[in-house]
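What follows is a set of notes on a single structure, which appears directly below.
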Protein chains: 2
Amino acid sequence: MSGQPNVSLPVSRPGGYAPHVAKKEPVDLQLSVDRNSPVPLYFQLSQQLEAAIERGKLSPGSLLGNEIELAGRLGLSRPTVRQAIQALVDKGLLVRRRGIGTQVVHSQIRRPLELSSLYDDLEAAGQRPATRVLRLETTAADAEAAAALAVAEGAEVRLLERLRLTHGEPVAFLRNQLPPDLLRLEAGELERTGLYRLMRGAGITLHSARQTIGARAASPAEAELLGEEPGAPLLTMQRVTFDDTGRVVEYGSHLYRASRYAFDFQLLVRS
Amino acid sequence: MSGQPNVSLPVSRPGGYAPHVAKKEPVDLQLSVDRNSPVPLYFQLSQQLEAAIERGKLSPGSLLGNEIELAGRLGLSRPTVRQAIQALVDKGLLVRRRGIGTQVVHSQIRRPLELSSLYDDLEAAGQRPATRVLRLETTAADAEAAAALAVAEGAEVRLLERLRLTHGEPVAFLRNQLPPDLLRLEAGELERTGLYRLMRGAGITLHSARQTIGARAASPAEAELLGEEPGAPLLTMQRVTFDDTGRVVEYGSHLYRASRYAFDFQLLVRS
DNA sequence: TACGTTCGGTTGTCCGGACAATCCGAGGCA
DNA sequence: TGCCTCGGATTGTCCGGACAACCGAACGTA
């Protein structure tokens with residue numbers, strides 16, 4: 001069991017460019033798994049397939065070879081191969097069709113949906129995000145936060161208010177309330193990175209969030225803060241975030257300049 | 001194999017209300033599977049567990065009995081039980097912890113994320129949605145739609161403009177462009193139900209969507225149409241929808257009255 | 001030609017087993 | 001008392017096999 005299988009995956013092109021050639025037009029896809037690696041086999045395979053799709057080695061609409069043969073070539077069992085494929089189906093990259101095969105989904109899509117972090121989003125977009133911490137203190141929870149965090153109204157919470165900027169221009173006003181003993185927050189760190197990244201660093205595994213996105217006109221004070229005219233349209237977002245134990249880790253109530261920001265994400269249908 | 005196992009699932013309450021009692025406090029959960037049913041066994045189990053959680057029979061934080069014992073009690077194999085549990089983990093209802101067990105996630109969460117349909121959402125909320133079809137014709141695609149539908153600018157598309165109302169009040173202005181030969185659209189049907197429901201009825205399986213949510217001030221014409229003042233904040237949403245073959249089935253560019261509507265959904269972290 | 005049937009191919013479901021990785025608590029040791 | 005080790009419990013990964021359900025295409029028949 002020391003060898004590392006390294007095979008070419010035959011892929012058929014439905015388009016059929018060469019009519020006289022056999023249906024299966026092998027594309028030299030170098031797949032291999034390392035049994036000595038601590039990384040699960042199905043995960044290794046899944047990652048390699050995803051990379052192949054992302055790099056265009058597997059063109060949209062093309063069929064993957066059948067599971068049984070693929071398993072044989074890689075020296076894996078069919079359940080393991082299925083697990084790898086299933087992971088990509090869940091991600092929306094592949095589609096299974098009984099009696100037909102598994103094919104790469106067309107699409108220009110393919111993108112994060114993710115529990116998005118404004119900081120990470122901006123950074124990924126090449127904007128250099130900056131943060132000004134306006135308030136960081138322990139105060140009484142307001143009504144919305146108390147309901148979201150499931151504590152009594154007026155109970156102590158950690159209150160955080162930030163202004164997020166790119167290129168020196170304000171983009172959003174972020175107001176968070178957190179359980180008081182969840183995390184040690186420091187203004188210095190908060191100006192250097194995002195809140196979610198700090199949470200992950202503290203060993204908190206984010207799991208899901210419930211959020212509401214709306215819009216309203218800016219009040220004079222909000223306009224002043226964000227550099228807009230009073231009455232300008234603002235995007236509002238309220239979000240309650242849960243970690244993997246179901247604990248509420250954060251309630252946020254945010255304002256975004258509609259002229260400079262929009263939410264962008266992908267939805268998958270849950271059958 | 002003709003019997004229908006019907007067992008009680010022991011559930012331990014971490015809270016431990018009765019200290020002197022054994023740790024496992026069995027809750028009379030009636031689980032059963034019907035091997036003669038065409039419904040897959042894992043799906044039957046999955047649905048029953050979900051129902052139990054939804055009805056509060058399985059309280060948040062409580063542990064499910066271990067997989068092996070549960071499999072034995074139900075007369076199923078462990079992989080089948082795992083498949084059922086995995087489905088609920090994917091839905092965000094359960095959390096697995098190696099060495100500990102599987103527990104019901106705390107939370108007030110639990111809600112649709114879904115590829116939401118405005119019509120269905122309103123109907124589910126008890127609003128009685130109504131629709132006025134303003135335009136339904138074949139025209140040249142505009143720039144955004146052409147890019148989204150991957151056709152040449154100016155190519156023919158089916159254009160649909162609707163006004164959505166509840167209680168006689170406008171809520172949203174919906175503008176869709178579709179591939180011309182995808183679906184036979186009739187104004188009458190469109191006034192009675194939603195677009196997505198018509199698509200599903202025509203055998204189209206919706207798969208995923210990419211959308212952008214922003215805000216802007218209403219133009220005089222838009223304000224007139226929606227019953228707002230010019231300059232009032234409007235929510236905007238652009239959406240490209242794909243079916244399970246990866247085909248683009250719709251490009252929509254919609255306007256919502258921010259005073260009467262907000263987007264509400266749940267996000268799951270994809271690890 | 002048009003239609004129905006059959007058949008091969010592929011994924012869907014299910015089983016039973018084996019071992020590894022991880023967590024928590026109990027017990028031992030200093 | 002406090003720390004460390006160990007072991008039981010539970011999920012994670014992987015295997016090999018079996019049969020069912022479904023799709024498309026080739027084939028045969030009217």
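As the structure is a prediction and not an experimental result, all values here were calculated from the model. Per chain, numbering begins at 1; letters A, B, ... match sequence-line order.
- Distances shown here put a side-chain N or O of A/Y42 below 4.0 Å from the OP1 or OP2 atom of D/dT13.
- The distance between atom CG of B/L76 and atom P of C/dT13, rounded to the nearest whole Å, is 14 Å.
- At a threshold of 4.0 angstrom between heavy atoms, the contacts of B/P79 include nucleobase atoms, whether or not backbone atoms are also involved.
- Residue B/E67 contributes atom CD, which lies 16 Å from atom P of C/dG17 at whole-angstrom precision.
- B/R210 has its side chain within reach of A/D264: a pair of non-hydrogen atoms, C-beta onward, lies under 4.5 Å apart.
- Remark: C1' of D/dA9 and CD1 of B/I68 are 10 Å apart, rounded to the nearest angstrom.
- A/R97 places its CZ atom 13 Å from the P atom of D/dA25, with the value rounded to the nearest Å.
- Phosphate proximity of D/dC15 to A/T80: present, with a side-chain N or O under 4.0 Å from OP1 or OP2.
- If you take CG of A/L63 and P of C/dT11, they are 9 Å apart, rounded to a whole angstrom.
- Ion pairing of A/D181 with A/R158 is absent here, as no side-chain N (NZ or NE/NH1/NH2) approaches a carboxylate O to less than 4.0 Å.
- Between A/P179 and A/L149 there is a side-chain heavy-atom pair separated by less than 4.5 Å.
- Of the candidates C/dT11, D/dG12, C/dG16, the closest approach to any side-chain atom of A/N66 belongs to C/dT11.
- Considering only the side chain of A/P40, D/dT13 comes nearest among C/dC24, D/dT13, C/dC14.
- Between B/L70 atom CG and C/dC14 atom C1' there is a gap of 16 Å when expressed in whole angstrom units.
- Between A/T102 and C/dT10, a side-chain N or O to OP1/OP2 separation shorter than 4.0 Å is absent.
- The nearest whole Å value for the distance from the CG atom in B/L74 to the P atom in C/dC14 is 13 Å.
- With B/D243 as reference, B/V249 is the one residue of B/V248, B/T205, B/V249 to meet the side chain to side chain contact (heavy atoms under 4.5 Å, CB included) rule.
- Contact annotation: B/R82 does not reach the phosphate of D/dT10 (side-chain N/O to OP1 or OP2, under 4.0 Å).
- Both B/R98 and B/R78 lie near DNA chain C, and the one whose nearest nucleotide falls closer to the 5' end is B/R78.
- A salt bridge links A/E67 and A/R96; the closest N-O separation between the charged side-chain nitrogens and carboxylate oxygens is under 4.0 Å.
- Going from atom CG of A/L94 over to atom P of C/dT10 covers 16 Å, rounded to whole Å.
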